[in-house]
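In this text, all values refer to a predicted model and were calculated from it rather than measured experimentally. All heavy atoms count here, side chains included; hydrogens, waters and symmetry mates do not.
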Amino acid sequence: MTTRRQALHSREPLVTLSFLALILALFFTLPGMLTRAQGAQADAGKIAYLQPADMNTGALLLQSGEDGGLVEAPRLNTDAAITVNGTIARVVVTQRFENPSDRWLEGIYVFPLPEQSAVDALHMEIGSRVIEGEIKGRSEAQQLYQAAKDNGQKASLVEQERPNIFTNSVANIGPHESIVIRIEYQETVKQEGGVYSLRFPLVVAPRYNPAPSNVDVVDYGGKHAPNDPVPDRDRITSPVLDPAKFPKINPVSIAVKLNAGFVLGDVTSSFHKVNLSRTGDETATLALADGTVPADKDFELVWKPKAAAVPQAALFHETVNGQDYLLAMVTPPTLDSAPKQLPRELIFVIDNSGSMAGASIAQARQSLLLALDRLRPGDTFNVIRFDDTMDVLFKGAVDATPENIETAKNFVSRLDAEGGTEMLPALKAALNDAHPSDTSRLRQVVFLTDGAVGNESQLFAEIAGHIGRTRLFTVGIGSAPNTYFMQRASELGRGTFTAIGSGDQVLERMSTLFAKLEKPVMVGLKASWPDGTAVETWPDPLPDLYAGEPVVLSAKVSSMNGELHFSGTFDGKPWTAALRISDAIDGLGVAKLWARSKIAALEAKSYTDPNAKGIDKAIETVALEHHLVSSQTSLVAIDPLKSRPDGEPVSSVNMPLNLPDGWVYDKVFGSPAAMPRQYKAMAPSRGLNQSMAPMPSEALYGFDGGAEAAPPAADTAQTPDSSVSPADAKPDVDTTVAPTVPADNTIQAPQSYPLLPLTVVPKPDASPIALKASDANRRLVVLALLLTILSAVTLVMWRYHRRDYASPRRTGRRI
């Protein structure tokens with residue numbers, strides 16, 4: 001017994017120490033284990049971002065706008081119903097947002113509308129319920145939307161970023177839920193030379209955003225801020241899919257009801273196949289032949305009256321809130337004899353930046369070569385080309401001799417598209433008039449570009465301040481040109497805008513343009529109203545007119561009596577036209593078109609009169625009165641019912657866009673081979689395109705019947721013998737390159753078309769929130785098992801200790 005007692009006593013400290021160590025371990029580790037378990041449960045309630053390794057089928061993931069996590073992209077379908085009555089079009093755009101994920105999402109979609117559109121209605125459909133949108137001041141609308149989003153209510157916010165770029169933010173789209181947003185607007189039909197047309201844009205092309213200036217600007221508060229030519233660059237930038245690696249998305253259907261108001265001749269669609277049904281002499285209906293098409297190029301409808309049926313005048317009327325509004329369109333007659341033609345100084349400017357690669361540069365070259373052929377003896381000319389650098393072909397305008405024209409053709413034929421779109425230096429060079437007081441010849445600038453820039457305001461200010469005697473004619477090239485920039489630039493430059501969307505249109509539309517350049521302008525246009533009639537008209541003053549262009553005037557009048565008289569000088573001869581006001585026909589939406597024209601005139605005033613004050617407030621007042629979206633007002637619709645449960649987060653994503661048809665992805669987004677020349681050596685370290693992961697050929701959501709987009713067709717333009725350079729052909733050729741390099745000679749990466757991160761990864765079998773929750777449950781089970789085992793071991797050790805050392809009976813036996 002002595003030996004056993006000695007053994008037990010020798011083990012007593014070891015057992016006691018082990019017992020105490022186990023108790024201390026439980027004491028210190030249990031709180032941490034519980035905290036981790038609670039954290040896992042909490043994580044299950046937070047947004048659970050996807051990782052590529054979590055997925056097993058094709059899906060498009062976008063970066064969250066909140067903290068950069070990856071979430072599955074919402075899907076979008078768009079339907080456009082267009083109704084044309086005479087010269088007024090009413091359009092209903094229906095956007096269906098679908099959330100394919102298991103998370104709550106906010107989708108932010110950047111989309112285009114015509115630059116003259118009057119957006120006046122917003123409807124949000126949730127099941128069988130319809131929520132009507134309200135027009136609010138921009139900041140108030142943003143606050144209402146954000147509050148609804150934070151409170152878990154469904155909401156939609158439509159904002160104007162440019163007159164032709166809008167954003168639609170849709171908050172709290174539930175897992176696997178759809179929300180339908182309907183946006184309505186109206187506009188006037190374009191008329192030119194007896195041809196009527198309507199353009200419905202389908203995609204916002206990526207915009208080139210020049211870098212902010214290094215020069216600080218001090219505001220009235222004494223704060224320094226960089227002079228950024230595109231202060232809202234983030235709001236006009238969306239992820240863009242590479243069509244060579246990913247099928248096109250965002251399917252669109254289009255249906256049109258056409259009531260021309262005259263006997264119809266030809267009705268054609270410029271870029272899409274349509275099924276046309278003539279329902280009467282003056283009416284027709286049509287729809288896309290393929291049902292849906294990807295949103296990657298503008299839709300254009302063109303119709304003509306039958307011979308001898310061209311209306312020369314039209315006057316429309318609408319009464320709103322007791323106020324009378326008029327819309328007048330008068331087409332001047334054509335000349336019976338050839339007009340006297342003055343010699344001209346023509347400056348051709350061609351954009352050969354990366355966005356012009358592919359079909360666009362071929363169309364631009366073809367257009368410019370045709371323009372060079374239209375030069376007449378006695379004319380002078382020059383050619384300027386630009387990307388992120390600039391070349392001026394001749395040191396000054398040269399005579400239009402066969403030798404000089406051939407030199408220019410060789411120069412133009414060699415142009416390739418690459419680099420950024422630094423438009424301002426080229427515009428300044430084109431407007432630089434060496435002989436501003438010369439009245440013996442007309443000075444005209446023809447500017448060929450897709451207009452894919454974000455610094456429109458900077459360019460407008462340059463035109464308004466330096467146009468002088470020059471007339472600026474813009475030619476929009478490509479499938480999705482920035483028509484707002486092109487139209488407004490031509491208005492400020494007292495010229496015209498021509499759109500060329502395909503190679504088939506080059507000959508016809510450039511010929512029409514040169515017919516304008518070669519014919520006299522109608523000047524001194526005035527509109528005279530009956531005595532005693534109070535009137536507010538836009539545009540004011542009326543612009544100069546070119547052959548085939550109608551006078552388009554909108555007015556708010558105090559009386560519908562008397563006649564409206566137009567007068568002007570055409571080819572040195574007086575011209576007049578009169579319309580009886582009481583004969584005006586009813587025109588739904590005339591008041592809103594007047595308000596939209598007034599807003600456009602107010603916006604233009606900020607460029608022509610930099611010291612003008614109160615413009616923003618005036619725009620807001622007009623837009624609120626007529627329920628229109630503008631730069632100062634927005635449409636907001638909020639569901640009064642709360643849908644997102646408390647504790648369920650919402651993730652914001654910028655919805656992806658297609659690359660415009662005919663664009664070359666690598667030329668736009670800065671692959672080393674397509675980068676501006678002075679930056680190519682920096683390409684390996686810049687990582688311009690590293691955020692774009694490789695994409696599989698299949699997509700989770702292509703539109704029905706949609707096939708993977710083929711790479712753009714190769715440029716088929718012929719290139720002359722490269723052994724002959726412009727400098728060799730003409731000694732006074734100016735081949736000076738003007739790169740956009742800062743004054744301190746430090747080379748910076750160009751602020752090119754922004755590229756937002758997106759990737760394609762497999763889709764998970766279960767939602768990430770469910771995975772998080774199941775992981776937390778597993779942790780709790782493991783913790784419970786561990787506690788059970790530790791408790792059992794503790795109990796056994798305690799009983800052993802009591803039996804051998806603490807029990808009185810055992811103690812008596814040992815004694």
Side-chain angles (χ1 to χ4, degrees), residues 338 341-352 356 360-387 390-417 426-427 429-435 438 440-449 470-475 477 495-496 498 500 503 505-519 715-737:
Q341 295 180 342
L342 291 175
R344 300 164 299 169
E345 178 185 337
L346 276 163
I347 309 299
F348 300 105
V349 185
I350 182 170
D351 177 358
N352 69 309
M356 294 284 290
S360 294
I361 191 63
Q363 294 166 19
R365 281 197 303 253
Q366 185 181 355
S367 300
L368 186 44
L369 292 174
L370 181 63
L372 291 170
D373 281 333
R374 295 290 295 260
L375 290 171
R376 304 190 304 258
D379 289 343
T380 60
F381 77 101
N382 206 344
V383 180
I384 301 171
R385 69 108 219 136
F386 71 95
D387 45 33
M390 182 183 74
D391 288 340
V392 180
L393 179 57
F394 302 104
K395 293 180 179 179
V398 297
D399 292 334
T401 63
E403 295 80 11
N404 287 336
I405 293 175
E406 187 62 28
T407 298
K409 287 183 176 180
N410 289 337
F411 176 76
V412 171
S413 298
R414 289 192 183 88
L415 292 179
D416 193 12
L427 182 61
L431 296 178
N432 183 23
D433 187 358
H435 308 285
D438 184 4
S440 63
R441 66 175 65 240
L442 302 174
R443 191 173 195 273
Q444 301 168 333
V445 173
V446 179
F447 208 107
L448 299 98
T449 177
T470 303
R471 297 295 182 264
L472 176 62
F473 298 81
T474 56
V475 181
I477 301 293
T496 63
T498 302
I500 295 178
Q505 294 180 332
V506 172
L507 178 59
E508 174 192 355
R509 299 200 173 179
M510 287 301 293
S511 297
T512 301
L513 172 60
F514 264 82
K516 296 176 183 179
L517 297 176
E518 295 165 358
K519 291 181 180 178
D715 186 4
T716 58
Q718 295 181 354
T719 301
D721 184 2
S722 59
S723 61
V724 180
S725 67
D728 294 334
K730 185 71 179 178
D732 63 346
V733 171
D734 182 5
T735 58
T736 303
V737 177

**Q** Under the 3.5 angstrom rule, does the side chain of Arg441 hit a backbone N or O of Gly378 as a donor-acceptor pair?
**A** yes

**Q** Test your reading of the model: is there a side-chain donor-acceptor pair from Asn404 to the backbone of Asp399, 3.5 Å cut-off?
**A**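 Such a contact is found between Asn404 side chain and Asp399 backbone.
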
**Q** Side chains of Arg344 and Arg376: does their closest heavy-atom pair fall under 4.5 Å?
**A** yes

**Q** Can you find a pair of side-chain heavy atoms, one from Asn352 and one from Ile361, that are under 4.5 Å apart?
**A** yes

**Q** For residues Arg471 and Leu442, determine if any side-chain heavy atom of one lies less than 4.5 Å from a side-chain heavy atom of the other.
**A**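 No, too far: nothing below the 4.5 Å cut-off.
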
**Q** Over all heavy atoms of both residues, which pair between Ile500 and Arg509 is shortest? Give the atoms and the distance, please.
**A** CG1-CB, 4.1 Å

**Q** Is a donor on one side and an acceptor on the other found under 3.5 Å between the side chain of Arg365 and the backbone of Leu415?
**A**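 Pair found, side chain donor or acceptor close to backbone of Leu415.
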
**Q** Is Asn382 reaching over with its side chain to a backbone N or O of Phe394, donor-acceptor style, under 3.5 angstrom?
**A** yes

**Q** When you measure from the side chain of Asp351 to the backbone N and O of Leu448, does any donor-acceptor pair fall under 3.5 Å?
**A** no

**Q** Taking the side chain as every heavy atom from C-beta outward, state whether Phe514 and Leu370 have any atom pair closer than 4.5 Å.
**A** no

**Q** Could you walk me through whether Phe348 and Ile384 pass side chain to side chain contact (heavy atoms under 4.5 Å, CB included), step by step?
**A** CA-CA 6 Å; Phe348 300 105; Ile384 301 171; over 6 Å; no

**Q** Would you check if Thr498 and Phe473 make a side-chain contact, meaning some heavy-atom pair closer than 4.5 Å?
**A**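 The answer is no, as the side chains (C-beta and beyond) never meet within the 4.5 Å cut-off.
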
**Q** Hey, could you give me the CG/CG distance between Asp379 and Leu342, rounded to the nearest 0.5 Å?
**A**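 One finds 10.5 Å between CG of Asp379 and CG of Leu342.
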
**Q** With respect to Val412, which candidate in Leu369, Thr407, Leu393 satisfies the side chain to side chain contact (heavy atoms under 4.5 Å, CB included) definition?
**A**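 Going through Leu369, Thr407, Leu393 one by one, the side chain to side chain contact (heavy atoms under 4.5 Å, CB included) with Val412 is satisfied by Leu369 alone.
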
**Q** For a quick test of reading the model, state the closest non-hydrogen atom pair linking Ala408 to Val383 and the distance between them.
**A**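 Residues Ala408 and Val383, closest heavy atoms: CB-CG2, 4.2 Å.
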
**Q** Should Thr470 and Ile347 count as side-chain neighbours, where that means a heavy-atom distance under 4.5 Å?
**A** no

**Q** Quick check: closest heavy atoms across Ala400 and Leu375, and the distance to 0.1 Å?
**A** CB-CB, 4.0 Å

